[in-house]
Novice: 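Please find one structure pasted underneath; my questions will follow.
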Amino acid sequence: MSTGALRVVIADDQALVRTGFRMILTADGIEVVAEAANGVEAVEAVRRMVPDVVLMDVRMPEMDGLEATRRILSADAAAAPRVVILTTFDLDRYVYAALSAGASGFLLKDVSPEQLVAAVRLVRAGDALLAPTITRRLIERYASRDERTATLHRDLSTLTPREVEVLALLARGLSNAELATRLHLSDATVKTHVARILSKLRLRDRAQAIVVAYETGLVTPGSAR
């Protein structure tokens, strides 16, 4: 990831969406280094421009956003950008699959300019972009606890009891600050626990961790309310 100007690729088959997002981002000092009208162009743009963040539409011709996300994130993890999925629907199986593939979160296309800018900056900083209520509904609808069909099944036995506790609370939508308060820990200790969970389970970020918590049955639909 670069440490200078924030660099973004916008992938969407609607030119008006790309133009609107470009205007919003550039007005806030964020550099849009490329646009793509389909998944094939998106993968090529990322390879060529090495952005920090990709705004990726789910439904595009030639190659959809899900397959493009998989290809982009299958590269070297340290060099791969953060991917934010763009969708018209908050409950979309494609969005769930993209989170499983390593996307850092998703935005509805009617997002406000302020929310768009904040989201891009947030994921560039390494956080997952998860609106807890929407994400929870999404995962509860599509997560499977059947090992044969689970997208991201992991063995939680590698985690310590405290790490399992942190994962369960994380899956309920708690932020690091809220985790620290609930568990009477420092923010730094919580960050260490989260980093160890991601490392042990071979996960890219918190979005994948939440998927795992549901798919393994650690958290069950309804229990997070």
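All values derive from a computational prediction rather than experimental measurement. Reckoned from all heavy atoms, side chains included, excluding hydrogens, waters and symmetry mates.
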Novice: Between Gln208 and Ser100 (side chain of the first, backbone of the second, donor and acceptor by atom type, cut-off under 3.5 Å), is there such a pair?
Specialist: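 Confirmed, Gln208 side chain pairs with Ser100 backbone.
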
Novice: Is there a donor-acceptor pair closer than 3.5 Å between any side-chain N or O of Arg202 and the backbone N or O of Leu198?
Specialist: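 Not confirmed, Arg202 side chain does not pair with Leu198 backbone.
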
Novice: Can you see which heavy atom on Arg18 is nearest to which on Ala36, and at what distance?
Specialist: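 Heavy-atom minimum between the residues: CD-O, 3.4 Å.
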
Novice: Hey, does Thr87 have a side-chain heavy atom less than 4.5 Å from the side chain of Arg59?
Specialist: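 Answer no - side chains too far apart.
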
Novice: Atom OG1 of Thr181 and atom CG of Asp187: how far apart are they, to the nearest 0.5 Å?
Specialist: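 Separation between the atoms: 7.5 Å.
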
Novice: Got a second to check how far Glu31's CD is from Thr26's OG1, nearest 0.5 Å?
Specialist: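 Result: 10.5 Å between the selected atoms.
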
Novice: If we ignore hydrogens and angles and just use 3.5 Å, is the side chain of Arg7 paired with the main-chain N or O of Met49 as donor and acceptor?
Specialist: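 Looks like yes, one N/O pair under 3.5 Å.
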
Novice: Would you find a donor on one side and an acceptor on the other, under 3.5 Å apart, between the side chain of Asp64 and the backbone of Glu67?
Specialist: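 Yes.
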
Novice: Is there side-chain contact between Leu25 and Ile10, with at least one heavy-atom pair below 4.5 Å?
Specialist: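 Answer yes - side chains close enough.
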
Novice: How many angstroms lie between atom CG of Leu179 and atom CG of Leu170, to the nearest 0.5 angstrom?
Specialist: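 Those atoms lie 6.0 Å apart.
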
Novice: Test side chain to side chain contact (heavy atoms under 4.5 Å, CB included) on Val54 and Val8 and set out the steps.
Specialist: CA-CA 6 Å; Val54 181; Val8 175; over 6 Å; no

Novice: Quick one, Ile85 and Leu99 - any side-chain contact, counting heavy atoms below 4.5 Å?
Specialist: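 Not touching, per the 4.5 Å side-chain cut-off.
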
Novice: Kindly give the heavy-atom pair with the smallest separation between Asp52 and Arg124, and that separation in Å.
Specialist: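 Shortest heavy-atom contact: CB-CG, 3.8 Å.
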
Novice: Taking all heavy atoms of Ala45 and all of Ala34, pick out the closest pair and write down the distance.
Specialist: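 What the structure gives for the nearest pair is CB-CB, 3.9 Å.
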
Novice: With side chain to side chain contact (heavy atoms under 4.5 Å, CB included) as the criterion, how do Val58 and Phe106 come out once you've worked through the C-alpha distance, each side chain's angles and the decisive distance to 0.1 Å?
Specialist: CA-CA 10 Å; Val58 171; Phe106 65 94; over 6 Å; no

Novice: Between the side chains of Thr189 and Thr192, does any donor sit under 3.5 Å from an acceptor?
Specialist: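 Result is no, nothing qualifies.
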
Novice: Would you say that Leu156 contacts Leu218 through its side chain, given a criterion of any heavy-atom pair below 4.5 Å between the two side chains?
Specialist: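 A side-chain contact exists here, since the closest heavy-atom pair is under 4.5 Å.
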
Novice: Say you draw a straight line from CG of Leu201 to CG of Leu159; how long is it, rounded to the nearest 0.5 Å?
Specialist: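 One finds 4.5 Å between CG of Leu201 and CG of Leu159.
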
Novice: Applying the side-chain contact (heavy atoms from CB on, under 4.5 Å) criterion to Arg71, which one of Val40, Leu66, Val43 satisfies it?
Specialist: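 For Arg71, the side-chain contact (heavy atoms from CB on, under 4.5 Å) check succeeds only for Val43.
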
Novice: Do Lys109 and Asp12 sit within salt-bridge range, that is, some charged N less than 4.0 Å from a carboxylate O?
Specialist: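 Result for this pair is yes, salt bridge flagged.
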
Novice: With a 4.0 Å cut-off, would you call Arg48 and Glu44 a salt bridge?
Specialist: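 Looking at Arg48 and Glu44, the cut-off is met.
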
Novice: Within the structure provided, determine whether Pro81 and Val9 are in side-chain contact (heavy-atom separation under 4.5 Å).
Specialist: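 Pro81 vs Val9: side chains apart.
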
Novice: Rounded to the nearest 0.5 Å, what separates atom CG in Leu167 from atom NZ in Lys200?
Specialist: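 The NZ atom of Lys200 is 11.5 Å from CG of Leu167, to the nearest 0.5 Å.
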
Novice: So which atom in Arg22 and which in Val32 form the shortest heavy-atom distance, rounded to 0.1 Å?
Specialist: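 Reported closest heavy-atom pair: NH1-O, 3.6 Å.
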
Novice: CG/Leu55 to CG/Leu107 distance, rounded to the nearest 0.5 angstrom?
Specialist: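 Rounded to the nearest 0.5 Å, the CG-CG separation comes to 7.0 Å.
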
Novice: What is the minimum heavy-atom distance between Asn38 and Glu62, and which atoms define it?
Specialist: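 So the minimum-distance heavy-atom pair works out to ND2-OE2, 3.2 Å.
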
Novice: So do His193 and Val166 actually touch side chain to side chain, heavy atoms under 4.5 Å?
Specialist: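 They are in side-chain contact.
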
Novice: Any sub-3.5 Å donor-acceptor pair from Glu163's side-chain atoms to Thr160's backbone N or O?
Specialist: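 Flag set: sc Glu163 to bb Thr160 pair under 3.5 Å.
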
Novice: Compare all side-chain heavy atoms of Leu169 with those of Leu183 and state whether any distance is below 4.5 angstrom.
Specialist: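 Side-chain contact under 4.5 Å: yes.
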
Novice: Would you check, one step at a time, whether the test side chain to side chain contact (heavy atoms under 4.5 Å, CB included) holds for Val120 with Val84?
Specialist: CA-CA 8 Å; Val120 169; Val84 176; 6.0 Å; no

Novice: Taking all non-hydrogen atoms of both residues into account, name the closest pair between Val219 and Ala168 and its distance.
Specialist: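 Looks like CG2-O, 3.8 Å.
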
Novice: Under the side-chain hydrogen bond (donor to acceptor under 3.5 Å, both in side chains) rule, collect the residues that match up with Gln115, sequence neighbours excluded.
Specialist: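 Here the qualifying residues are Ser112.
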
Novice: Is any side-chain heavy atom of Val50 closer than 4.5 Å to one of Val46?
Specialist: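 The answer is no; the side chains never approach within 4.5 Å.
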
